[in-house]
Protein chains: 2
Amino acid sequence: MSASRLQEEIKKKEPFASAEQEATLNLLRTSDQLHNRFGRLFRKYGLTSSQYNVLRILRGEGKALPSLEIAERMIQVVPAITGLIDRLEKQELVERRRCNDDRRVVFVEITEKGMTLLSEMDQPVSDTHVQLMGHLSKAELQELSRLLEKARMSLAPGKEKEA
Amino acid sequence: MSASRLQEEIKKKEPFASAEQEATLNLLRTSDQLHNRFGRLFRKYGLTSSQYNVLRILRGEGKALPSLEIAERMIQVVPAITGLIDRLEKQELVERRRCNDDRRVVFVEITEKGMTLLSEMDQPVSDTHVQLMGHLSKAELQELSRLLEKARMSLAPGKEKEA
DNA sequence: ATGTATTAGATGACATGTAAATTAAGTGGA
DNA sequence: TCCACTTAATTTACATGTCATCTAATACAT
């Protein structure tokens, strides 16, 4: 049996302890590389990956969202959102608005400037998606999505194993 | 056609622009969640994911490695390695040694203390791998690894598209 | 040998991710 | 009414990841 491609890539001398471990490391490595690649694209427009993500969520929603809603959709811890919104606001890509009904809540909304920036990025982003994953067939892409969704089933919130 | 699971998870209102995009976002999201989960496990032992990674690489190699070698295997940028090694050295889990042949090179080696810590973590880490991915069949895990490796083919260094 | 290019690392500035603690506001019950 | 509890967001402290820049050491060509 020849060594796996991943094993060669990271120059690992021993084979993987399990298929589970190999799949997980493959996943983390592929994701890192994709993240890097998109990060470089976004930087050309003055954004980081997280900032782009927030703008996409806000555009997709079409209206203002509470900070916590945004954090939830990004799998991120709450404290990180504050600074993220701060920087987007400084660039005038989003606006904060205190909610009147519940003054604890801060609504965040994308601005015209933010929408314009996203529009400029749409084509390059779309092109990059195809460039990076287009060599997989539609059937392979669907199967990949299916397997990833299945993988996430054990990761749902609340499924944490207690020590 | 019903909306995809990912589309529901992130409450996206429009369907994905392409199968490429959906697969990529699935990948990034799954990876984030796995990363979070392992991060929490490692933290119980006083390590971050990156620190654990360095120790695993050094144990796998069995001997000292130059800093750049470590960075390369981790997909990471060079500057990050310095601080990473700094903190591991402070915890006495690794040691730095200047190379005599080429005094620019710094070799990093795992210590006894580092090896002992890794040993304690082996079983919990292995258990977590199975816990998180064990609900996929062996065939599915292999197919997942195959698709991820194929996905990385477009990400090889030097394949960057020029602007 | 000498000046240029290259290579290995380190440093500084900044954005991010994490946990723990804090502030402010809303809810409920004695 | 008043206190305990919860919730939304922020703040603080620290590890990380990124880039640009710097230093030291080596390699190479003339």
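Computed over heavy atoms, backbone and side chain alike; hydrogens, waters and symmetry mates excluded. Numbered from 1 within each chain, the chains take letters A, B, ... in sequence-line order.
Nearest nucleotide to the side chain of B:V77, out of D:dC19, D:dA9, C:dT7: D:dC19. Taking every side-chain heavy atom of A:P79 into account, C:dA20 is the closest of C:dT7, D:dT7, C:dA20. Nearest nucleotide to the side chain of B:R103, out of D:dT10, D:dT26, D:dG17: D:dT26. Comparing C:dG9, D:dA25, D:dT11 by their nearest atom to the side chain of A:T82 picks out D:dT11. The nucleotide whose nearest atom lies closest to any side-chain atom of B:Q51 is, among D:dA15, D:dA25, C:dT18, D:dA15. Considering only the side chain of B:R40, C:dA19 comes nearest among C:dA19, C:dA8, C:dG9. The side chain of A:S50 approaches C:dT16 more closely than any other nucleotide in the set C:dT6, C:dT16, D:dA8. Of the candidate nucleotides C:dA19, D:dT10, C:dA24, D:dT10 has the atom nearest to the side chain of A:S67. With C:dA24, C:dG9, D:dT10 as the candidates, the nucleotide lying closest to the side chain of B:V105 is C:dG9.
In this structure, A:R87 reaches the C:dT16 phosphate: one of its side-chain N or O atoms is under 4.0 Å from OP1 or OP2. For C:dT18, one of the phosphate oxygens OP1 or OP2 lies less than 4.0 angstrom from a side-chain nitrogen or oxygen of B:N36. Phosphate contact (OP1/OP2 of D:dC19, side-chain N/O of A:R43, threshold under 4.0 Å): present. Applying the 4.0 Å criterion to OP1 and OP2 of D:dA15, one finds that B:T48 has every side-chain N and O outside that range.
Distance CG (B:L93) to C1' (D:dA15): 15 Å, rounded to an integer number of Å. In this structure, the CZ atom of A:F42 is 14 Å from the P atom of D:dC19, given to the nearest Å. The nearest whole Å value for the distance from the NE2 atom in A:H35 to the P atom in C:dA15 is 15 Å. Atoms CD1 (B:I75) and C1' (D:dG17) sit 12 Å apart, rounded to a whole Å. The CG atom of B:N100 sits 13 Å away from the P atom of D:dA25 (whole-angstrom rounding). For the pair A:R97 CZ and D:dA8 P, the computed distance is 18 Å after rounding to whole Å. Between the C1' atom of D:dA8 and the CD atom of A:E72 lies a distance of 12 Å, rounded to the nearest Å. Atom CG in A:D86 sits about 11 Å away from atom C1' in D:dA9, given to the nearest Å.
Of all heavy-atom pairs between A:E20 and B:H129, the closest is CB-O, 3.7 Å. Closest non-hydrogen pair, A:A151 versus B:M133, comes out as CB-SD, 3.9 Å. Shortest non-hydrogen contact noted between A:L47 and A:L88 is CD2-CD2, 4.3 Å. Annotation for A:S119 and A:R59: closest pair N-NH1, 4.2 Å, computed over non-hydrogen atoms.
Within the 4.0 angstrom heavy-atom criterion, only backbone atoms of the sugar-phosphate kind lie near B:D101; the bases stay farther away. If you check every strand for non-hydrogen atoms under 4.0 Å, B:N53 touches nothing. Contacts of A:I81 with the nucleic acid, taken as non-hydrogen atoms under 4.0 Å apart, are absent. Within the nucleic acid shown, B:R96 comes within 4.0 Å of sugar-phosphate atoms alone, with no base atom in reach, counting heavy atoms only.
Rounding to the nearest 0.5 Å places OG of A:S31 at 6.5 Å from CG of B:D32.
For CD of A:E149, the number of neighbouring non-hydrogen atoms (other residues, nucleotides, ligands) closer than 6.0 Å is greater than 12.
Along DNA chain D, the nucleotide closest to A:V78 and the one closest to B:G83 are compared, and the more 5′ of them pairs with A:V78.
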